[in-house]
Number of protein chains: 2
Amino acid sequence: MTRRAPRQADIAALAGVSQATVSVVLGGNQGGVRMSEDTRLRVLAAAEKLGYVPDPVATRLASRRNHMLGLYTFKATFPTDVADSYYPILVGVEEQAAALGQDLILFTGADGRGERTHDEAAIRRTKIADGCLFFGRHVPVASIEKLVETGFPLVYIGRRDELEGRIPFVGADYVSASAAVVDRLVSLGHRNVRYVRENDDAPSSTDRERGVVEAAARAGVECRVVRDEAPVDEWRRDGVTAVVVEETDTHAAYRAVRAAVDGTDLSFAVLGRPPEGGTDVTGFEVPRREMGRRAVELLVELITGDPGDLHQLLPCTPVPGTTVKDVR
Amino acid sequence: MTRRAPRQADIAALAGVSQATVSVVLGGNQGGVRMSEDTRLRVLAAAEKLGYVPDPVATRLASRRNHMLGLYTFKATFPTDVADSYYPILVGVEEQAAALGQDLILFTGADGRGERTHDEAAIRRTKIADGCLFFGRHVPVASIEKLVETGFPLVYIGRRDELEGRIPFVGADYVSASAAVVDRLVSLGHRNVRYVRENDDAPSSTDRERGVVEAAARAGVECRVVRDEAPVDEWRRDGVTAVVVEETDTHAAYRAVRAAVDGTDLSFAVLGRPPEGGTDVTGFEVPRREMGRRAVELLVELITGDPGDLHQLLPCTPVPGTTVKDVR
DNA sequence: CTGAAAGCGCTTACAG
DNA sequence: CTGAAAGCGCTTACAG
């Protein structure tokens, strides 16, 4: 039942040529080797007769590239709970990988005994692929640096500034998008704003804060930053008219603020999209799918040795919404 | 910058031993070769120093194992729309793969030019992995048969009966689960039931119908099957008291029936969970995550040559719900 | 025009 | 105890 599959040597024997000639013929003679049509046909006929199928493993070993891209995440690749924010990126990654003829290896971060580890060995295993995408709020700097140093092609999804800019990335331009939200508030007459953020210093958080603070400063409006709390009564006493809130995978800040401002006349905007979806809340859309696509694109460019911009920030799409009132 | 990756020969040179000895040491000396502890440590140290990572392609070519499991789907692995039903399976697959120390290769079904194809060549490429999971409503019989014939380990997610049972699978026991729903209706006094299904003959559909029809026959109650329509007025004229509806990725039948029976006093059950979630609609929960886990388990058993049951049907969990009335 | 050889990076008998 | 050799099935220079 489990017959040995025919290989090029078998074809060669049947056609009366060398195995190398078989390889050349079946490979479509990319090298442009001169060869009699008769030989070519004999080889093809023999291959057909034997039902030959090339062994992809051997093919890849011999040809140095395996057309596989790694995807390494610092939590489960398919998270149980935060599917919303993560999933679109995967969709984009797969889309573009398929478009470029690349397979994807999901590194589960397992150590053989089943523990999900993120030590150097686990990260090193990504070298199985031609290159690797990394995704997570943290960067294990030492391990990643070793990878970068060997010239292994890698791309982070999300902006990174570790290793003096030697980490290629495709991220979202949270600074501009966040500033645009504040600009809008200002244009509608708001002069006293609060920004509520979570207590985590990933780039996606600091970028948002920076955008908010800078835009407020430029416009000369007051905008205090608070972490993880929503003292609405105090705000209203202080004359605050609008609240901006960060949105993360935990949705913690958003939920707290939303609950607090509901039923008040405070204007309200979110730096992203609310977990419940919809287009009524003022904010912006993070181009996650596009980030996935572009990350794959950049990675393949790195592999083929002709990369474009190593640090890409994609624009977010503003969502006007209806939760910001005109107070002029 | 792009230094060549270290290989066993480099380690051998550094440690002053032969390349074969390196292979033995790094392979954990499975063969029980006698070897001085000193040599072993020297090799290990050299490997660590060089940051050695085994080449999985070469490993597989030489040993036929690379600890990678393939995942081949006949649509995008990360579908844009049907995330609900599909995602939990992926979660289970990843979970169990990680637990067993296996990485996952997502076959994007792309040919080199970017077209998503499902021809024989695309399916044959799965042989890069030690084995492969297949998932989709259809079975490209000829291609799968060739794979099975060469002894390549594969497992389908979802019951299959093609190839005279030679396709190993892990599916859900829709027959029993569907019968249980009808049994419940009968126990509550319903004697005239309609079953609405979609017009697609995948096993998951035919199994549901079979469960419904057989349970009704056993109980001696009338249960007509209709496809893709919900003539509620006619049903009520005919004395129907309960409607059961199939649930698929398209949600078409469910939505049509739900809209039709809403506001009437007809009892209502779904063979699965409604797309809107919740536990109020009577039906059952398909153990998707568990299916993913078990499929990986079976695949690894096939690879290691000690498989359990090749055809596994997992029980679905009944959801009592509140949409079925007592009419006794 | 075609074949013989080397090599991709590993594993696995087999010698000593 | 360790090394040399063969081999997995292919591709790619390199000889003739």
Side-chain angles (χ1 to χ4, degrees), chain A residues 3-44 46-47 50-68 125 127-130, chain B residues 3-44 46-47 50-68 121 124-125 127-128 130 150-152:
Chain A
R3 250 194 343 268
R4 180 176 65 66
R7 43 189 139 160
Q8 291 186 347
D10 300 323
I11 299 174
L14 188 59
V17 299
S18 76
Q19 176 263 318
T21 301
V22 173
S23 174
V24 169
V25 171
L26 297 181
N29 196 355
Q30 300 298 341
V33 174
R34 293 171 42 149
M35 181 170 301
S36 76
E37 183 63 7
D38 177 63
T39 303
R40 207 177 71 80
L41 293 178
R42 260 199 347 270
V43 168
L44 256 19
L50 294 177
Y52 172 77
V53 304
D55 180 329
V57 176
T59 305
R60 289 183 180 202
L61 212 216
S63 64
R64 316 305 261 107
R65 286 243 346 238
N66 63 17
H67 299 280
M68 297 198 238
R125 280 170 57 231
K127 290 173 113 175
I128 284 170
D130 291 335
Chain B
R3 256 196 335 268
R4 181 177 60 64
R7 43 191 136 156
Q8 291 186 348
D10 301 323
I11 298 174
L14 189 60
V17 299
S18 75
Q19 175 264 317
T21 301
V22 173
S23 173
V24 169
V25 171
L26 297 181
N29 195 355
Q30 300 299 340
V33 175
R34 291 171 45 149
M35 181 170 303
S36 76
E37 182 64 5
D38 178 62
T39 303
R40 206 177 72 80
L41 293 178
R42 259 200 347 271
V43 168
L44 256 19
L50 295 177
Y52 172 76
V53 179
D55 180 324
V57 178
T59 304
R60 174 145 171 80
L61 182 58
S63 74
R64 333 297 309 198
R65 287 284 309 263
N66 60 12
H67 300 282
M68 295 199 240
R124 211 163 48 206
R125 280 169 57 232
K127 290 174 114 172
I128 289 165
D130 291 338
T150 64
F152 182 71

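Quick note on labels: first sequence line is chain A, next is B, and so on, each numbered from 1.
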Self-check item: Which residue lies more 5' along DNA chain D, comparing B:G16 with B:L61 via nearest heavy atoms
Solution: B:G16
Practice problem: Name the nucleic acid region contacted by B:V17, choosing base, sugar-phosphate or nothing; use a 4.0 angstrom heavy-atom cut-off, strictly under. | Solution: sugar-phosphate
Quiz item: When we call it a touch if two heavy atoms are under 4.0 Å apart, what does A:V43 touch: a base, just sugar-phosphate, or nothing?
Solution: nothing
Quiz item: Are the side chain of A:R40 and the backbone N or O of A:V25 linked by a donor-acceptor pair below 3.5 Å?
Solution: no
Quiz item: With Watson-Crick and G-U wobble geometry limited to distances under 3.5 Å, how should the secondary structure of DNA chain C be encoded in dot-bracket form, using | for bases paired to another strand and [ ] for crossing pairs?
Solution: |||.||||||||.|||
Quiz item: By side-chain contact (heavy atoms from CB on, under 4.5 Å), which residues pair with A:A20, not counting sequence neighbours?
Solution: A:S18
Quiz item: With sequence neighbours left out, which residue pairs that include part of residues 9-25 of chain B fulfil the salt bridge (charged side-chain N to carboxylate O under 4.0 Å, His left out) condition?
Solution: B:R4-B:D10
Quiz item: How would you list all residue pairs meeting salt bridge (charged side-chain N to carboxylate O under 4.0 Å, His left out) that involve residues 15-27 of chain B, not counting sequence neighbours?
Solution: none
Self-check item: Residues forming a side-chain contact (heavy atoms from CB on, under 4.5 Å) with B:R124, sequence neighbours excluded
Solution: A:V53, A:P54, B:E120, B:A121, B:K127
Self-check item: DNA chain D-proximal residues of residues 18-25 of chain B, any heavy atom under 4.0 Å
Solution: B:S18, B:A20, B:T21
Practice problem: Check side chain to side chain donor-acceptor pair (under 3.5 Å) between B:T59 and all other residues, then give those that pass, not counting sequence neighbours. | Solution: none
Practice problem: Extract, from 5' to 3' on DNA chain C, the first and final nucleotides lying under 4.0 angstrom from some heavy atom of chain A. | Solution: C:dC1 to C:dG9
Self-check item: Close side-chain approach of A:Y52 to A:V22, heavy-atom, < 4.5 Å
Solution: no
Self-check item: Which residues share a side chain to side chain donor-acceptor pair (under 3.5 Å) with A:S23, sequence neighbours left out
Solution: none
Quiz item: How would you list, by chain and number, every residue that makes a side chain to side chain donor-acceptor pair (under 3.5 Å) with A:R42, sequence neighbours excluded?
Solution: A:D38
Self-check item: Non-neighbouring partners of B:R7 that pass side chain to side chain donor-acceptor pair (under 3.5 Å), sequence neighbours left out
Solution: none
Quiz item: Rounding to the closest angstrom, what is the interatomic distance between C:dT12 and D:dT2 at atom C1'?
Solution: 15 Å
Quiz prompt | C1' gap between C:dT11 and D:dG3, integer Å | solution = 15 Å
Practice problem: State which residues pass side-chain contact (heavy atoms from CB on, under 4.5 Å) with B:A46; sequence neighbours excluded, sorted by chain then number. | Solution: B:I11, B:L14, B:A15
